Structures are given as structure tokens and as C-alpha cells.
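Data block below; observations after.
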Amino acid sequence: MWRSLGPLNLPQWEQEVLARWRAEKTFQRSLAQRKGGPTFVFYEGPPSANGKPGIHHVFARTLKDLVCRYQTMRGAYVLRRAGWDTHGLPVELAVEKELGLTKADIGTRIAIADYNRACKEAVMRYKAAWDELTERMGYWVALDDPYITFDAQYIESVWWLLKKFYEKGLLYKDYTIQPYSPAAGTALSQHELNLPGAYRPVKDPSITVQFADIQEQGLYYLAWTTTPWTLPSNAALAVGENFVYVEVETFQPYTRTPIRVVLAEAALPRYFTPEGASLPLSPEEVDLRTGRLPYRIRRRFSGKELIGRRYEPLFRYVEPEGEAWRILPGDFVSLEEGTGIVHIAPTFGADDLRVARKHGIPPIALRDAQGHLLPLVDKEGRFVPEVTDFAGRYVKNYKDDPDYKPVDEDIAQHLRQRGLLFRKETYEHNYPHCWRTDKPILYYPVEAWFIRVSALREKLVALNKTIQWFPPSIGEGRFGNWIANAEDWNLSRTRFWGIPLPIWRTRDGRYERCIGSFAELHAAVEEARQAGLMTTNPLDAPDFDPHRPYVDEIILKAPDGSPMYREPEVIDVWFDSGAMPYAQWHYPFENEALFQSQFPADFIAEGVDQTRGWFYTLHVIAAALFDSVAYKRVLVNGLVLDKEGNKMSKRLGNVVDPFALMEQYGADATRWYLVSNAPPWENVRFDEKRLAEKVRSFFGTLHNTYEFFALYAGIDGYEIQPLPPIQQLSMTDRWLLSEVEKLTEKVTEAYEGYFPTEAARLIEDFVIEKLSNWYVRLNRRRFWKGEKDSDKWAAFTVLRYALVRVAQLMAPIAPFYAEVLWENLKEKGSVHESDFPAADSALRDPALEEAMDKTRRLASLLHSLRKQSGIRVRQPLPQALVPASYKSWLEPLAPLLLSEVNLKQLTYIDDHSEAVTYEIRPNYKTLGPRLGAHIQALAAYLRSLSQEALLRVIQQGTLVWEGETLSLAQGDLEVRARALPGWLHASEGGLTVALDTRLSPELEHEGWARELIHLLQNARKNAGLAVTDRIHLALHLPEPYQSALKAFSPLIAQETLAETLTWLETPPPLEPISFLDTLPLYIDISRAYEHA
RNA sequence: GGGCCUGUAGCUCAGUUGGUUAGAGCGCGACACUGAUAAUGUCGAGGUCCGUGGUUCGACUCCACGCAGGCCCA
């Protein structure tokens, strides 16, 4: 029996499908079945379960899922292991907030062990919600045995990787610039700077100082700074390579000495008033009070010219360990403020350090006995003794000293006396403050561990070229540019909940050891025990936890017998996830073969925000240690925005709850909407109304089509049979099959090209336009007609064939409804276990596809003409007229056209008859390149020709134009039959048709019969009869209608399933209904009970 | 400030290697059809293809410079 499922109810059916998948372990079966097939490797980017999943997760996961499902159907073995990202700052911050702690409290007010335990619990808080989402949305991924980044085995693999970096000399210790609070004596995180109120307006002295060129006497570079205290640490100057600079002849504003200064042209008005240019170039003109300076521009030149020049430092307290005091290009140099020349102090600015490193500029700093960097300002915020002029002075008032004298002022004064101060002002700007001490922060060098990514750039770029990016622009642009200029990766974090750095060092830094496995650490601890440094070996415990604080308690023995302590940092959590190809299998300690078969990935998919996150760390680790890509293809998805295009946020209250959505519309509807709406890499504007519309238009139509099939197949007891030979099928059947195969071909192409949006749109178009609106509409009669002949059986077979195919093609995107269809069309097993269908080219008939397309357009034109004529479609019309050239393709389909628009015949009009007029235009595509500018003249000439002349051109294929014979190849001219004068006609897109609306009495009577049948069908329905019920009919109509209609009795009886039809001489005692809008029609209808 | 993406009807989106009348769906208005009926068809209104300049016989399409929005990074 073919089952009617009732009105579309995706949420309910999805629950039923889920129950079936659970009970039958369909996912596991679909995997097991493909074991031994080609391997398609997919990596699941591990989410963090410390927050609730949102709609954007549904988007990303739909893309992952559909590719994996597609590949599985293609016969590939697609292992899909879930994972959890568990470490990192967001977790720590959440826990700090909950427990009311600050970073400084950890290890003091709360033990690290307790703190980390709290983090471990917090990070899996929403695991249940995530698991529920995964299942509910139909994301097939193995949840029962996920990899978890805090597992000891996972960490051991990460240690192994880190040791590989270490051994290759790619892991090293250096320093980085971080926000630091001298008053609190602690580094601050970026997050702490983002706390409300951290940025406050402050007034700082802003000074412009002169750096003297080392060669040219009297030539100075003007640089501007709001932190004069960093000037003793100046190591370089930076300019914009493409900015325009000028050399200006003027005077030192305080000493009136003639000097030449260099600054950006754009900065000129900030330092010189226009009148200065016309003042005599004389020291007397220098106005000390207003700062007015006479000047002359001597030269204009590009910033490039400045690069490499050397200058005298303002202060020389310390000798640099290399070539400092040069001019460099800096991409951060701005013309908005200052002089366009930026003072660089690598020890006190992140940009400064970056550009200095890039160009090999040493920091201006001291070293302690162990070689550690000592900046010229100490950790209390005081100048070190070596800065003799300002030794011991606090650079800001950290101690709330009422007598504090700003050192910045003294530095300015000092420079002024030396004739090196060009301008001093006060500058009000926002500056970050320590939220605990309310004191301004310092950007200060902090020691850190780095991965030397800069040494890998070429390899990263070369390998990236082998990765297929969807879309390619991200791989070339955003990602490609990033890795081509990659800076070293600051790996260490002075935090607690993370994978500890497995590096031990002696206090003096002379000895250092990187540990690559638990076994190695165990052995090292044993050595330490023998040396009396350790009493027990924590690695003897079966449940050794490699997190802090336990690893911190391990002390190792250096070759000289001295103790080595662990470097206190944990690593950047991005390394955790980038390590997942190896660590998920505990490679290399286990699963060698499994790892080999699952590396690299064929496919990953994540949001565009992962470009410098997971995409990057996967790539760096694989390239550095395995000379390989980590993934061969990557599908990037955009953001999910609200329908206004705003980012979803709790603050705006526009967050969409995926569970509510799936509850109301269904997971399939949500998935389909997200995939079909826009290409994955575009941002999706999420609009619930459109989702609802998608349910109605696509799923509703598809389901209606299934219900239509099930209804009649059920009534007739249709049994599945193979497709009959194509020659035995009707034109519409052949056409539909051809379209099915075309669809299969194009959908396959779209999936193969990682463009599921196109696949979804193709399927939608097929289902709505081809299958439902055309095939089913044209063939309805075949399904409900009485005889169960081969034609009827063929219709069932073809329709079912198409529906089964649709189920398979849509299965990756809408796995639930595809399953419902599959099951109810009585296919075996699960659609997800079936083989993705290969297009059968033998069933293709492109000519028929095109002919049908044109026929549809003709039908549309004729409908339009009927509309103009005001004659209802039920009234048959005698004929339509079309050009004879249509005959070849239209004739086989003519019956369809005639019945669709209720015509008696199609008449082909000779192309050369006077009933047709033509319009000829040049084919711009072929003639354009040949004729160039003349083509417009040709077009005008063709427009001017008479119909006779046009006909000659068409027949002869040559054209005499401007005295020359222009020989025309096939297709050089576009000929259009324009109109059929004298008839009601229409043209569109190269098709033209006319309608004959003259009615004969016979046609009119037939129209009445149709009208009557229509009314009787309505009456049947109003009487509550089933479509299969047989009836007895008695009718009465005024003359002459009744007599005329008697001739149509057999037709009427057949169409309305009337066993008896009686024409009454007098009206029965019933309410009449109106016939043809004005006449009374009496209908006596009763059900005919079957005789048992 | 840099990199990348996007800009086409009220809304969501198509638009082939440049080819002369820029399309679809939704929404809106009107009419029709109806044995899939909470379906369907036809007609209508609705466009400076973000702007400016350039290349070209011809530009929504290619180039340059802008503008607006988004993301990532400074």
C-alpha cells in the first residue's frame, strides 16, 4: 500500500527518522558499508562547549555534513570523529567571572589545581546542548568517542609535536610587547584592556623632536611622540614608503639656528603656516611666541628615498647590539597625526618590535648575567641607573606621589636645551589604564616562546598553492597574503588552563630541555630522583595529569646537576586544535596506520573567522613538521547575520535559537534554507519568513507531488516495475526522464565543485517547475483515468523514478525528508546507504528538452492571448497559428500544447507567406569583431529594409550592403518572425504565435459541456464524495442548452463517474446553481452504492 | 591604515568567454483555473545594475579611482 502522510510536517517526521536511525544504527551502517572503499578524510574542527550552540553552527555543520554524506553515497569511507576544544582564555575568563576571581588570585586565593578543575568542568557545560544539536540537525559525526584536547594522551601528542619544533630550532624564547601595569606589577591581557572604562582621556606632552642625519650637517628628521620617556630607547625611525616627503629649509624654533628638516608633505600645515613660505628666510622672522617660522620647501621626494638612511640617536646611554638608528619602511605609519616619521622603540611598542625584528634592528636595552633583556625602564616603571640623566625616575606617577614631576617634561626640556626639540604641545587622547590600579599601562617586553613561522614562509606559500580553496579568493588573498608575511607565532600564554609548555630550564638559562613524551619525562624524573631533586615520580600514577600545577612540581636535573624548572607558560590554544590531525589518534604513540590513512584531510569546512585560526595552525604544523598540507580542500563559510544584515549578538537580542527553529520548521528546512539562499562564503542574512517560504514552496511542492503519487498509486494498487523501454514511453515521460538525468548530471557537478547552493537550486527548480508544475499538471488525467493500462503504469513508474532520484540527490542537504521519501517510495534500507546515482546519458534527449521548453513558452503565450480575448480556458478554440519552421520540434508535442490551452488544432504557416513579418538584426557576437564600428550602420540598414527585401536576404543568405557583397555565414543574422498580422498574436524570446478565436456552434456546445462538467465536479466535492465514488445524476437546464448538451452525455458521465445520467424535463425541487453565470442549473446528485 | 569579500526590483538572489529588450522567487494589485486545492496559471506595477572616469563598434560584465556594508588584521 502507498501511504498518504498527510500535510507536510517536517518536525514530526524528522523525529521518526531520528528514532529509526538510532534504532537501526544507520550512521554506523552507512560507514561500515563503505569500509574498504576509497578513503575520504574529513576533519571536524573542534568546537568549544563552554557556550551554547547557535544558528551559525548549524550553517557550518550543514556544509560539513552534506559533503560527508555525499562522499559516503559516492562510495567513500568517511570517518567522522567529533572533537572538543577545551582549553583557552574564554574558558578561564568565564570561570574567573563566576568565581569572582582575577588572574592575580589564581595560585593565591585559589589553588591552581582547584581553578583548573573548575575550568575543566566549565568547558563541557553545554556539551549536552551541543550533542543534542548535532543529533537533531542530522549532523552525522561520531559522538561516542570524541577527541578531547585536555586528555593526557592528546597532550602527549602535542608535546611530541612541540619537541619536533624544538629540535628543528623552530621553537625559541624571545620577548614580546604586552600591556603591563607597573603599579600592579603584572601583565594584562588584551581582554583586560577591553574592560569598560579602561580607556580614558589623558593629557600627555606631545613633542616633535629632531633626529640628526649622520652625514648631512644641519639635516634633521622630525618625529612626533606622545611618550617622550621612550626616546632613550629609540632604535629606528619609520616612514611610509609611498608617502611624499619634503625637505624644508627653516630655523630651529628655540635657537633660531638655520636647519633643514624632513617631514611628510601632508604634515606640513601642522608645523608651518602658509605665510611662512613668503617671509624672508631670516632668523629675525622666527616668532618664538606663536611658533611662526619662515621656510622654503627645497625638495619633494618619495618615502622610499629615506629608507636606509642613518641618524644620530638623541640619547646614547647604551650601545646597541647591532645596527640601530636607521630609517625603515613601516606599514603602520599614518599621515593623520605627527610628521609622517614615526619613532620606534622596540622595547615599548608592539608595532615597533615587529618592524624592528623584520629589519634586524636591535632593541636599545641591557642584558642581565643570563642574557635576559633589560629594558631601560624597569618593572616598577623607573628608569634604570644607566639612563644617567633620569635614573630612578618613574615614567608616570605610579606611586601617587604628590610631588611627582613628570619625567616627560624634563626630557623635553633636556632636548630643548640641546636644540633638538622642534615643538612641544599637550595632547589629549584615550589611553588604556590598569583596571585595578587606575594607572596608565605600559607596553612592556615580556618573555615568550615563539614558533619561527617566518622561516617557513616559502614552504607555507608553496604548499598553500596546492590547497583548493572555496572560494579561491580566500586562499589567494586573505590567507595567502597572511602566510606570505607571517610573523613568528607567539606560542606561550601566562595562563593556567592550557597545555603546559614541556620545557624545563635552569634558573640561569644555561641548560634547557624539551620533553616529547611521558616516557621521556618519566625517565628524566627518575634521574632527578637519583640526584635527590625529586622524591617521587608523579608519572608512576596511572592517571597522571600533565596540566598545571602538577607538571610545575616536576624538577629535572641539568647535565651539571643543577635543577631545571618548567617554563611556567601554557601554550596558545590554537596549537591544540592545529595539532588535531595527530593528537586525535595519539600519534605517534599509537595508531600509526590509522593516522597515515587519515592524513592529510581531503576536506575541512569552517567559518571565515578561522582563516588566521584553525586554517592557519593546521597549515603551519603540517608544513613545518610533515612537509605536507593538513587539508587538500577547504570550504569557507560566511557569517549568519540577521535579516537587516547585523551581526547576531545577545546585546541586540537578534540571536536565533536553532532548536526553536528546528522544532517549528524542521532541521531539513533550516538546512535547505541556509544552503540554497546564498553561496556558503557569502554572509547569510537570516530571515525566518524566507525559511517558512522555503518550506512551503519547495518541501510543500515536493510533498504534494509525493502525495499525488501515493494517492493514485494506492487506489490502483500500483506495483513497482522497471522503467519500460524508452520507445514505449510518451513524450512527456521521455522528457521528464531526460530532465531527471540532466539534473543528476548538474547536481553531481555542483557537489563535486563544492557548490551545494547550486545543487539545491537545481533541485528546487526541477521539483517545482519541471516535475510538479509541468509533468504532473500535464499528466494528471493519466493517473485518474479508469483503465489500468500500460500507459497508466508507465506514468506511475516514471513519476516514482523521478521522486526516488530526487530523494537521492537531495539526501546530502535534506537528509530527513529524503529518507521519508525513500522509505515511502519503498526503496530498501536508508537513502544514505544507497549509491549516489550516476546520470544515465542514454535517457538524455537535449532536443526534446529544448522543444519542451519552447512548448511551455508557447503555452504561456497562448494563455496570455486567451486572457486578452476574454474567453475562458474551458471554452475550446479552433486553432493556433505558428510559423512552419516550428513544425520539426513542435509536432510531437502539439497534443500537449493543444490540451494545455484547449485548442482543436495547430496550423503551420508558411514562412514566406504574407501572414508573417520578419525582423532581422545582425548577430553582434559574430559580426561585431568583423565589422567593428560599421555594425551600427548595418543594423540601421537592416531596419530600413522592406519585408520583401528581408525575405530575399533570408532566402539567398547574402546581403549587398554599401556596394559590397557581404557574404553571410549561417548565424550572422538573427531572423525573428515578428508577428502574424490580422490575428491575435504574441511574441517573446524569438517565439511567435497567433490565436484564432472564432467559435463554431460545435465548439460553443463543447464549451458548455466543459462548463457543466466543471460544475458537476464541484458539486461532487461539495456533496462530500470521494474521488472514486460513483454517482447517479439527474440534471435540468433551460433550452437550447439542455438539448445541445445531451449529445455530450457519455463524456459527462465518464468524467463525473456517473453510472446513470438523466435529463429532467422539469426542474426538480432543488436550489439551482448558476450556469455560465446567468442560467439556472438543477443538479440532483446521489452516491451509487456498489452491489456486493 | 592594510588585506579580502559584497553592492542588480520593496526583500532574497541569478546573470555564461563583454553582444544591444537585465531575469527568477517572494511580497503587492487584478483576473482566471481547479479530481494535487493551505496547490496552480495569466496579466500588471516595480531597475540611474552603488558612483565617476576609462577601454571597446558595444560594459551589469573588463580596468582605474571613489562611496557604502561586512569580515580579518593592525
Side-chain angles (χ1 to χ4, degrees), chain A residues 7-8 240 330-336 350-351 354 471 473-482 485 607-613 636 638-639 641 643 645-647 673 676-679 681-687 689-690 692-694 696-698 700-701 703-712 757-758 761 764-765 768-769 772-773 776-777 780-781 783-785 859-868 870 872-874 900-902 921-939 974 988-989 1013-1014 1017-1018 1020-1021 1025-1028 1055-1057:
Chain A
L8 188 70
D331 54 16
F332 50 86
V333 178
S334 143
L335 295 174
E336 304 295 313
D351 271 337
R354 187 167 55 81
S473 60
I474 304 238
E476 285 160 23
R478 189 184 286 208
F479 190 75
N481 292 340
W482 169 249
N485 298 301
V608 65
D609 50 336
Q610 295 295 324
T611 307
R612 291 172 191 191
V636 182
L639 270 70
L641 307 171
K643 63 168 183 276
N646 300 309
K647 210 170 166 175
Y673 167 73
S676 65
N677 187 58
W681 40 87
E682 306 268 350
N683 293 342
V684 178
R685 289 194 183 196
F686 191 89
D687 186 349
K689 281 206 323 242
R690 303 203 157 269
E693 169 59 25
K694 195 66 87 181
R696 193 186 63 75
S697 69
F698 173 61
T701 304
H703 184 61
N704 264 341
T705 308
Y706 165 76
E707 286 288 320
F708 177 84
F709 168 81
L711 172 64
Y712 292 106
T757 307
E758 179 69 7
R761 287 173 174 173
E764 267 179 40
D765 181 66
I768 297 173
E769 295 302 325
S772 171
N773 286 356
V776 171
R777 209 155 77 86
R780 274 178 298 192
R781 289 193 84 79
F783 290 91
W784 75 63
K785 70 182 177 184
S860 176
L861 284 172
L862 285 166
H863 271 130
S864 165
L865 292 174
R866 289 199 77 120
K867 160 107 183 158
Q868 287 174 44
R872 43 181 88 194
V873 180
R874 271 194 294 273
E900 177 62 15
V901 285
N902 200 11
R921 311 198 301 191
N923 182 342
Y924 287 93
K925 211 164 178 171
T926 61
L927 288 180
R930 249 168 82 192
L931 301 179
H934 301 290
I935 197 163
Q936 304 302 355
L938 174 64
E974 279 176 16
E988 183 263 342
I1013 291 165
H1014 160 61
Q1017 301 291 24
N1018 282 351
R1020 278 185 62 115
K1021 206 161 153 192
L1025 295 168
V1027 290
T1028 47
E1055 289 295 314
T1056 59
L1057 299 185

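Note that the structure is a prediction, hence the values are computed from the model and not measured. Throughout, protein chains are lettered first and strands after them, A, B, ... in sequence-line order, and every chain is numbered starting at 1.
Rounded to whole Å, the P atom of rC50(B) lies 10 Å from the corresponding atom of rC60(B). With C1' as the reference atom, rA59(B) and rU8(B) are 14 Å apart, rounded to whole Å. Here, rA45(B) and rG7(B) have their C1' atoms 25 Å apart, quoted to the whole Å. Comparing the P positions of rC62(B) and rU17(B) gives a spacing of 10 Å, expressed to the nearest Å. Taking atom P in both rG25(B) and rC63(B), one finds a spacing of 32 Å when rounded to whole Å. The separation of rG23(B) from rC43(B), taken at their P atoms, amounts to 14 Å, rounded to a whole angstrom. Look at the C1' atom in both rG46(B) and rA22(B): the space between them is 14 Å, to the nearest Å. If you take atom C1' in rC4(B) and the same atom in rA14(B), they sit 23 Å apart, rounded to whole Å.
Nucleic acid contact for Thr1056(A): base, since at least one base atom lies under 4.0 Å from a heavy atom of the residue. Arg696(A) comes within 4.0 angstrom of the backbone, heavy atoms only, and of no base. Across all strands, Asp765(A) comes closer than 4.0 Å to no nucleic acid atom at all (heavy-atom distances). Within 4.0 Å of Leu711(A), counting heavy atoms only, lies no atom of the nucleic acid at all. Among the protein residues, Glu764(A) comes within range of no part of the nucleic acid, since none of its heavy atoms lies under 4.0 Å from any strand. Nucleic acid contact class of Gln1017(A) (heavy atoms, under 4.0 Å, all strands): base. Residue-level contact check: Arg781(A) touches neither bases nor backbone, having no heavy atom under 4.0 Å from any strand. Residue-level contact check: Val608(A) touches the backbone only, with heavy atoms under 4.0 Å from sugar-phosphate atoms and none from bases. As judged by a 4.0 angstrom heavy-atom cut-off over every strand, Ser697(A) is placed among residues making no nucleic acid contact.
Rounded to whole Å, the distance from CZ on Phe698(A) to C1' on rC26(B) is 17 Å. Whole-Å rounding puts the Glu900(A) CD to rC33(B) C1' distance at 10 Å. Atom pair Phe479(A):CZ and rC4(B):C1' shows a separation of 14 Å (rounding to whole Å applied). Counting to the nearest Å, the P atom of rG70(B) and the CH2 atom of Trp681(A) are 22 Å from each other. Distance CH2 (Trp482(A)) to C1' (rC73(B)): 7 Å, rounded to an integer number of Å. Between the CG atom of Asn481(A) and the C1' atom of rC73(B) there is a distance of 12 Å, given to the nearest Å. For the pair Glu682(A) CD and rG69(B) P, the computed distance is 18 Å after rounding to whole Å. Rounded to a whole Å, the CZ atom of Phe686(A) is 16 Å from the C1' atom of rC13(B).
The pairing partner recorded for rG25(B) is rC11(B), the criterion being a Watson-Crick or G-U wobble arrangement whose two distances lie under 3.5 angstrom. In this structure, rA45(B) makes no Watson-Crick or G-U wobble pair, since no nucleotide meets both defining distances under 3.5 angstrom. Nucleotide rC65(B) has rG51(B) as its partner under the Watson-Crick or G-U criteria, with both atom distances under 3.5 Å. Across every strand in view, rC71(B) sits in a pair with rG3(B) that passes the Watson-Crick or G-U test at under 3.5 angstrom. For rU40(B), the paired base is rA32(B) (Watson-Crick or G-U wobble, both distances below 3.5 Å). Under the Watson-Crick and G-U wobble criteria, each requiring two contacts below 3.5 Å, nucleotide rU56(B) is left unpaired.
Toward the 5′ end of RNA chain B lies the nearest nucleotide of Ile474(A), the other residue of the pair Ile474(A) and Phe708(A) mapping further downstream. When each of Tyr712(A) and Val333(A) is assigned the nucleotide of RNA chain B bearing its nearest heavy atom, the one mapping closer to the 5' terminus is Val333(A).
In the set rA74(B), rA36(B), rC5(B), the nucleotide with an atom closest to the side chain of Arg354(A) is rA74(B). For His863(A), whose side chain is taken as the heavy atoms from C-beta onward, the closest listed nucleotide among rC4(B), rU42(B), rA36(B) is rU42(B). Distance from the side chain of Glu693(A) is smallest to rC26(B) among rC26(B), rC5(B), rG41(B).
Between the side chain of Arg354(A) and the backbone N or O of Ala350(A), no donor-acceptor pair lies under 3.5 Å. Put simply, the side chain of Tyr673(A) never gets that close to the backbone of Ala692(A): no donor and acceptor are under 3.5 Å apart. Counting only distance, with no hydrogens or angles, the side chain of Arg1020(A) and the backbone of Thr1056(A) share a donor-acceptor pair below 3.5 Å.
At the phosphate of rU42(B), OP1 or OP2 sits under 4.0 Å from a side-chain N or O atom of Ser860(A). A sub-4.0 Å separation between OP1 or OP2 of rC13(B) and a side-chain N or O of Asn677(A) is present. Remark: Asn773(A) is in phosphate contact with rG41(B), judged by side-chain N or O atoms under 4.0 Å from OP1 or OP2. A sub-4.0 Å separation between OP1 or OP2 of rA36(B) and a side-chain N or O of Arg780(A) is present.
Residues Phe709(A) and Val776(A) fail the side-chain proximity criterion, which asks for heavy atoms closer than 4.5 Å. With contacts defined as side-chain heavy-atom distances shorter than 4.5 Å, the pair Glu1055(A)/Arg781(A) qualifies. The shortest distance between side-chain heavy atoms of Arg780(A) and Phe783(A) does not fall below 4.5 Å. Using a 4.5 Å heavy-atom threshold, the side chains of Asp765(A) and Arg761(A) count as separate.
Residue Ser772(A) comes nearest to Thr705(A) through the heavy atom pair CB-OG1, 3.8 Å, listed as atom of the first residue, atom of the second, then distance.
The base of rA39(B) has none of its N or O atoms less than 3.5 Å from a complementary donor or acceptor on the side chain of Thr701(A). Taking only distance into account, the side chain of Arg690(A) meets the base of rC11(B) through a donor-acceptor pair shorter than 3.5 Å.
Atoms CD and OG1, on Glu764(A) and Thr701(A) in that order, are 9.5 Å from each other to the nearest 0.5 Å.
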